[in-house]
Amino acid sequence: MAALRALLLLSLLLAALQGRGQRPPLPRSLLEKVVTEGNLGLGELVGRWFLVGTASRCSYLAENSHRLEATAMTVAVPDGQSLAISTFTKLDGQCWEIRQRYVPAGAHMRFSVRGRGYNSKMEVVVGEADPRSYAIIYYQDSQGLSVKLYGRSSQLSDAIVDKFEQRARAMGLSEDVTYYFPTYGFCDSADDFHILDETEL
């Protein structure tokens with residue numbers, strides 16, 4: 001009887017050591033497989049970028065794809081390590097500015113952004129980029145993943161657009177969930193009543 005009880009305890013101990021009965025590990029971020037441009041410097045991202053396309057399963061994009069507004073962002077590097085982002089877009093014909101701070105998240109060209117709500121954050125990876133022409137940027141939060149194509153001009157070559165669509169497909173985002181933005185009607189500024197400053201969250 002004592003031997004049987006010892007065998008049972010040993011089985012339980014082995015199961016505990018092997019992790020049986022424990023919660024499965026959290027899924028690894030899809031962004032871990034994104035390769036960044038090793039020789040890209042933060043200073044090369046500074047300036048104005050136009051949002052050309054987005055691949056995302058976001059329901060808002062799906063429901064409002066016919067109402068997308070021209071969107072641009074300006075990038076600054078205020079402290080040599082983080083990115084200060086100002087995004088300009090229209091909502092109901094009114095220009096808005098959304099301010100965010102991308103703080104370094106360990107590896108090269110990987111950042112995190114604090115979001116609204118308790119313990120809310122977004123991971124950002126600047127993937128493939130030619131700082132004179134385009135950048136493919138990956139975003140992931142609790143709602144899912146999106147891949148965005150930014151250009152130094154609002155229109156990019158077919159070769160760059162094809163490359164963006166390939167990178168999106170590699171993340172499981174097909175052309176069915178890829179949306180392209182208007183190439184005219186950009187905002188350059190917003191008045192003080194239409195600034196959403198997420199750096200102060």
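Positions are given from 1 along the sequence.
Aromatic ring centres of Tyr150 and Tyr134 lie farther apart than the 6.0 Å criterion allows.
With hydrogens and angles disregarded, a donor-acceptor distance shorter than 3.5 Å links the side chain of Thr178 to the backbone of Ser174. No donor-acceptor distance shorter than 3.5 angstrom exists from the side chain of Asp162 to the backbone of Glu165, with no hydrogens or angles considered. A donor-acceptor pair under 3.5 Å is formed between the side chain of Arg152 and the backbone N or O of Arg48. Listed for the His108 side chain is a donor-acceptor partner under 3.5 Å among the backbone atoms of Leu40.
For Asp158, the CG atom is loosely surrounded, since the number of other residues' heavy atoms within 6.0 Å does not exceed 12.
A salt bridge links Lys163 with Glu128: at least one charged nitrogen is closer than 4.0 Å to a carboxylate oxygen. Between Glu175 and Arg169 there is a salt bridge, since a side-chain N of the basic residue sits under 4.0 Å from a carboxylate O of the acidic one. Between Arg67 and Glu69 there is no salt bridge, since no side-chain N of the basic residue sits under 4.0 Å from a carboxylate O of the acidic one.
With Tyr138 as the aromatic partner, Lys148 does not meet the cation-pi criteria of under 6.0 angstrom to the ring centre and within 45 degrees of the ring axis.
Shown here for Ala170 and Lys33, the closest heavy-atom pair between the two residues is O-NZ, 3.4 Å.
Both Val124 and Met73 belong to a common hydrophobic cluster when Ile, Leu, Val, Met, Phe, Trp and Tyr are linked at side-chain heavy-atom distances under 4.5 angstrom.
Contact annotation: the side chain of Leu145 never approaches that of Ser56 to less than 4.5 Å [non-hydrogen atoms, C-beta and beyond]. Between Ser146 and Gln140, the closest side-chain pair of non-hydrogen atoms is not below 4.5 Å.
Note on ring orientation: taking the six-membered ring where Trp is involved, the planes of Tyr102 and Tyr139 are perpendicular (angle over 60°, cut-offs 30° and 60°).
Between the CG atom of Leu196 and the CG atom of Leu91 there is a distance of 11.0 Å, given to the nearest 0.5 Å.
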